Amino acid sequence: MNALFAGSFHPPTKGHLDIITRSAKLYDKVYVAIMYNAEKQYTMSVEQRTDMLKKITSGLENVQIVSDTGLTSEFAKKLGCGVLVRGIRNSSDYQYEAPIAIANKEVFGLETVFLSCMPEHMWISSTIVNDLVHHGADISKLVPEEIIEDILRVHERTSKGV
C-alpha cells in the first residue's frame, strides 16, 4: 500500500524526517507532498523545500517528494495512495487532525494513520525553526544537519529582500 505524508515543510524538521522514516518502514511507497496552505506565508519556494526534502530522504528508497496545490485527498487518490499519514505532537494536533481524518474517510474513502512524534521531537515546529533563524539562534537540534546551511542561506536572502 502507498501512503501520502503532506505538509508545507517550511522548513523540513527532524520531526518531519522521523515521521517520513517511520512511514517508509510501514508502506510500500511514501509520497511526501509539499502542499500549498493559503493561511501560511512562505519564504522558501517549493523547489527549495523539495531540494531539502530530497537531501534528507536520499537514503530512503521508497520515498518520493512531490508537490501540489489542490486538496490533499484528491492528490493522494491521483497518486494511488490508500492512506494519509499525519504526525501528532500533542492533543491540539489531534483535535485539529481528527475531524479532517473523518472527512477524508467519508468523502474520499481514505484512511488516516496518526503517528505520534518521538518525545524528543514533540516541541519542534517549522514556526519555531523560522523564529529562531530570524533571531540568529542555533537550529541544529531542530533540523537535519544536511539542510542547516540551506535554511540559513534562504533566510539570509529573504532578510536582504533578494
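Keep in mind that this is a model prediction, so the values were computed, not measured.
Under a hydrophobic-cluster definition in which Ile, Leu, Val, Met, Phe, Trp and Tyr are linked whenever side-chain heavy atoms come within less than 4.5 Å, directly or via other members, Met118 and Ile128 are assigned to different clusters. Note on Trp123: it clusters hydrophobically with Leu17, by side-chain heavy-atom contacts below 4.5 Å among ILVMFWY residues.
We find the CG-CG distance between Leu115 and Leu26 to be 6.5 Å, quoted to the nearest 0.5 Å. A distance of 9.0 Å separates CG in Leu60 from NZ in Lys25, rounded to the nearest 0.5 Å. Note that OG1 of Thr43 is 8.0 Å distant from CD of Gln48, once rounded to the nearest 0.5 Å. Note that CE of Met1 and CG of Asp28 are 8.5 Å apart. Values are rounded to the nearest 0.5 Å. With values rounded to the nearest 0.5 angstrom, Arg86 atom CZ is found 7.5 Å from Ile100 atom CD1. Rounding to the nearest 0.5 angstrom, the gap separating the NE2 atom in His121 from the NE2 atom in His16 is 11.5 Å.
Counting heavy atoms from C-beta on, the side chains of Ile19 and Val85 come closer than 4.5 Å. Contact check for Phe9 versus Met44: no side-chain heavy atoms found under the 4.5 Å cut-off.
Here Tyr94 sits in one hydrophobic cluster together with Ile88, Phe114; the rule is ILVMFWY side chains under 4.5 Å apart, joined directly or through other members. Under the 4.5 angstrom side-chain criterion for Ile, Leu, Val, Met, Phe, Trp and Tyr, the cluster partners of Tyr31 are Leu4, Met35, Val66, Leu71, Phe75, Leu79, Leu84, Val107, Phe108, Leu110.
By the side chain to side chain donor-acceptor pair (under 3.5 Å) test, Thr50 pairs with no residue at all, sequence neighbours left out. With sequence neighbours left out, Lys78 forms a side chain to side chain donor-acceptor pair (under 3.5 Å) with no residue at all.
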For this session: Before giving the answer on side chain to side chain contact (heavy atoms under 4.5 Å, CB included), spell out for Asn2 and Tyr27 the whole-Å C-alpha distance, their side-chain angles and the decisive distance to 0.1 Å.
Result: CA-CA 6 Å; Asn2 297 339; Tyr27 298 102; over 6 Å; no

For this session: Start with the C-alpha gap between Ser8 and Ile34, add the side-chain angles, then the distance that decides, and say whether side chain to side chain contact (heavy atoms under 4.5 Å, CB included) holds.
Result: CA-CA 5 Å; Ser8 60; Ile34 301 167; 5.8 Å; no

For this session: Run the numbers on Thr112 and Val83 for side chain to side chain contact (heavy atoms under 4.5 Å, CB included), then give the verdict.
Result: CA-CA 6 Å; Thr112 300; Val83 67; 5.9 Å; no

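With Pro11 as the fixed residue, the side chain to side chain contact (heavy atoms under 4.5 Å, CB included) test singles out one of Val133, Val129, Asp150: Val129.
The aromatic rings of His10 and Tyr42 sit perpendicular, their planes meeting at an angle over 60°, well past the 30° parallel limit.
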Kindly list each side-chain donor-acceptor pair under 3.5 angstrom involving residues 137-149, sequence neighbours excluded, with atom names and distances?
residue : atom : partner : partner atom : Å
Asp138  : OD1  : Ser140  : N            : 3.0
Asp138  : OD1  : Ser140  : OG           : 2.9
Asp138  : OD2  : Ser140  : OG           : 3.0

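A salt bridge is defined here as a Lys NZ or Arg NE, NH1 or NH2 lying under 4.0 Å from an Asp or Glu carboxylate O, and Arg22 with Asp18 meets this definition.
In this structure, the side chain of Asp93 engages the main chain of Arg89 through a donor-acceptor pair within 3.5 Å.
Identified under the side chain to side chain donor-acceptor pair (under 3.5 Å) test for residues 61-72, with sequence neighbours left out: Lys29-Gln64.
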